[in-house]
Enquirer: 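Structure provided below as structure tokens; questions to follow.
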Amino acid sequence: MKAMILAAGLGTRLGPITANRPKALVELNGTPLLTLVIRRLQRFGFDEIIINVHHFAEQIIQYLQAHNNFRLQISISDEREALLDTGGGIKKAEWFFNDNQPFLVHNVDIISNIDLKALYQYHLNTQAMATLACKERPSSRYFLFNKQLRLCGWENDQTGEQKTAIPVAADEIRRMAFSGIHIIHPELLRQVNQVGAFSIIDAYLQLAATNLINCFDIGDADIVDVGKPKQLQLAISEEFKVAMSNEIETSA
């Protein structure tokens, strides 16, 4: 199975930590975030991976070479000339997904114990064009789904901004926070007409009316965005290490 790791970001939220290294190589209890994500993907059967790079790209490339690509088939999508955001980055790597099979996208700064096999199987069962792993939890931004968990819109609680893809009654909306993990069918990319840098969220909202884009409710699974200093410190804590022991094992 194929997967993409989004690792091209500047990591500005982590401030001085990313002044001389990419976010992907920031360590959590001695293990780079990139290693943690690769190990998770490998554990669930993803053996062909593409990683987009921009900020300190050469460090990521050298790191992978030094670790023999973790004995996987790993390709690089080079964005050193221009950072393409999430949508543009995935679109640039479209060539990699030439087997017409759904692939998983995983942000490099996300640590979770989501069952990726269950997520992938749910996507296959629903025959959706995209499936977003989400959870009912406090957040500043939410995807909006109807009772059938079909994507209907998006909103920003802090700014009040709202985007509607499919009209739905207010009492039927489920507000879910996105995990940064999703499954996409390559056919969806063929329908994306944006070029250059753009958000995959905007692409989803534009295509949701004519394509089934749904939610996989991760329920009680844990998720932490360690791209934020406070959350990174949380992930270093002993309590978190115990709760997520299988996800943050130290390097061999």
Side-chain angles (χ1 to χ4, degrees), residues 1-28 30-42 46-99 102-111 130 178-184 186 188-204 206 225-229 231-232 251:
M1 294 189 295
K2 294 186 176 182
M4 181 171 189
I5 300 175
L6 298 179
L10 299 175
T12 53
R13 293 181 301 175
L14 288 175
I17 300 176
T18 50
N20 58 5
R21 77 181 87 173
K23 178 169 57 176
L25 297 184
V26 170
E27 294 185 351
L28 178 58
T31 304
L33 299 178
L34 181 61
T35 299
L36 293 173
V37 175
I38 289 175
R39 284 178 176 169
R40 287 217 82 224
L41 294 175
Q42 189 175 29
F46 295 92
D47 54 4
E48 296 183 60
I49 300 172
I50 189 166
I51 303 169
N52 69 338
V53 295
H54 174 81
H55 186 57
F56 292 113
E58 57 285 341
Q59 290 188 28
I60 295 177
I61 294 170
Q62 291 169 6
Y63 180 79
L64 292 169
Q65 291 172 343
H67 289 78
N68 194 29
N69 282 341
F70 294 86
R71 298 184 176 86
L72 299 170
Q73 296 184 45
I74 296 182
S75 299
I76 294 295
S77 183
D78 196 332
E79 296 182 22
R80 278 178 282 195
E81 289 189 0
L83 189 59
L84 297 174
D85 204 343
T86 52
I90 297 170
K91 181 69 175 177
K92 180 179 174 65
E94 184 177 4
W95 62 270
F96 183 76
F97 307 107
N98 57 3
D99 57 358
F103 60 94
L104 184 142
V105 178
H106 198 301
N107 288 1
V108 77
D109 54 6
I110 294 298
I111 303 298
F178 183 39
S179 68
I181 303 172
H182 34 147
I183 307 287
I184 303 174
L188 190 77
L189 296 183
R190 293 191 277 272
Q191 298 184 41
V192 172
N193 55 23
Q194 292 100 317
V195 295
F198 65 91
S199 167
I200 191 62
I201 292 176
D202 290 337
Y204 282 153
Q206 290 180 20
D225 176 358
V226 293
K228 305 173 184 176
Q231 297 299 85
L232 181 62
S251 299

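For this chain, numbers begin at 1 and follow the sequence in order. Everything numeric in this text was worked out from a predicted model, so none of it was measured.
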Enquirer: Ignoring hydrogens and angles, tell me if any N or O in the side chain of Asp85 forms a donor-acceptor pair with the backbone of Gly87 under 3.5 Å.
Expert: no

Enquirer: Is Phe198 close to Lys91 at the side-chain level, that is, under 4.5 Å between some pair of heavy atoms?
Expert: yes

Enquirer: Where do Tyr63 and Thr35 land on the side-chain contact (heavy atoms from CB on, under 4.5 Å) test, with the steps shown first?
Expert: CA-CA 10 Å; Tyr63 180 79; Thr35 299; 2.5 Å; yes

Enquirer: Tell me, please, which residues at least two apart from Asp202 pass salt bridge (Lys or Arg N to Asp or Glu O under 4.0 Å).
Expert: Lys163

Enquirer: Please test Leu41 against Leu72 for side-chain contact (heavy atoms from CB on, under 4.5 Å), starting from the C-alpha separation and ending with a verdict.
Expert: CA-CA 10 Å; Leu41 294 175; Leu72 299 170; over 6 Å; no

Enquirer: Going from CD on Glu48 to CD on Gln73, what distance comes out if it is rounded to the nearest 0.5 angstrom?
Expert: 4.5 Å

Enquirer: What are the two closest non-hydrogen atoms of Leu33 and Leu28, and how far apart are they?
Expert: CD2-CB, 4.1 Å

Enquirer: Can you list the steps and then say if Met4 with Phe97 is a side-chain contact (heavy atoms from CB on, under 4.5 Å)?
Expert: CA-CA 10 Å; Met4 181 171 189; Phe97 307 107; 3.9 Å; yes

Enquirer: Can you name the nearest heavy-atom pair linking Thr31 to Arg39, along with the distance?
Expert: CG2-NH1, 4.1 Å

Enquirer: Look only at the side chain of His55 and the backbone of Pro22, and say whether a donor-acceptor pair between them is shorter than 3.5 Å.
Expert: no

Enquirer: Do you know which two heavy atoms are closest between Glu27 and Arg21, and how far apart they sit?
Expert: N-NH1, 4.3 Å

Enquirer: For Asn107 and Lys23, test the side chains for any donor-to-acceptor distance below 3.5 angstrom and give the result as yes or no.
Expert: no

Enquirer: Among Ile49, Ile5, Ile110, which residue satisfies the side-chain contact (heavy atoms from CB on, under 4.5 Å) criterion with Val37?
Expert: Ile5

Enquirer: Working to the nearest 0.5 Å, report the span between CG of Leu232 and CG of Asp109.
Expert: 10.0 Å

Enquirer: How far apart are the closest heavy atoms of Ala130 and Leu188, and which atoms are they?
Expert: CB-CD2, 4.0 Å

Enquirer: Taking atom types as modelled and ignoring hydrogens, do the side chains of Asp225 and Gln231 form a donor-acceptor contact shorter than 3.5 angstrom?
Expert: no

Enquirer: Ignoring hydrogens and angles, tell me if any N or O in the side chain of Gln59 forms a donor-acceptor pair with the backbone of Ala24 under 3.5 Å.
Expert: no

Enquirer: Please report the interatomic distance CG(Leu36) to NE2(His106), rounded to the nearest 0.5 Å.
Expert: 9.5 Å

Enquirer: With no hydrogens and no angle check, is any side-chain donor or acceptor of Lys2 less than 3.5 Å from a backbone partner on Phe96?
Expert: yes

Enquirer: Would you compute the distance between atom CG of Asp47 and atom CD of Gln42 and round it to the nearest 0.5 angstrom?
Expert: 9.0 Å

Enquirer: Checking Val26 against Thr18 for the side-chain contact (heavy atoms from CB on, under 4.5 Å) test, could you report, in this order, the C-alpha distance in whole Å, the side-chain angles of both residues, the deciding distance, and whether it holds?
Expert: CA-CA 7 Å; Val26 170; Thr18 50; 4.0 Å; yes

Enquirer: If we only count heavy atoms from C-beta on, is the Pro229 to Leu14 side-chain gap below 4.5 Å?
Expert: yes

Enquirer: Report the distance from atom CZ of Phe56 to atom CZ of Arg80, rounding to the nearest 0.5 Å.
Expert: 13.0 Å

Enquirer: If every non-hydrogen atom of Ile200 is compared with every non-hydrogen atom of Ile90, which pair is closest and at what distance?
Expert: CG1-CD1, 4.1 Å

Enquirer: Could you tell me how the ring of His67 sits relative to the ring of Phe70: parallel (under 30°), tilted (30 to 60°) or perpendicular (over 60°)?
Expert: parallel

Enquirer: Give me the atom names and distance for the closest heavy-atom approach of Leu64 to Leu34.
Expert: CD2-CD2, 4.1 Å

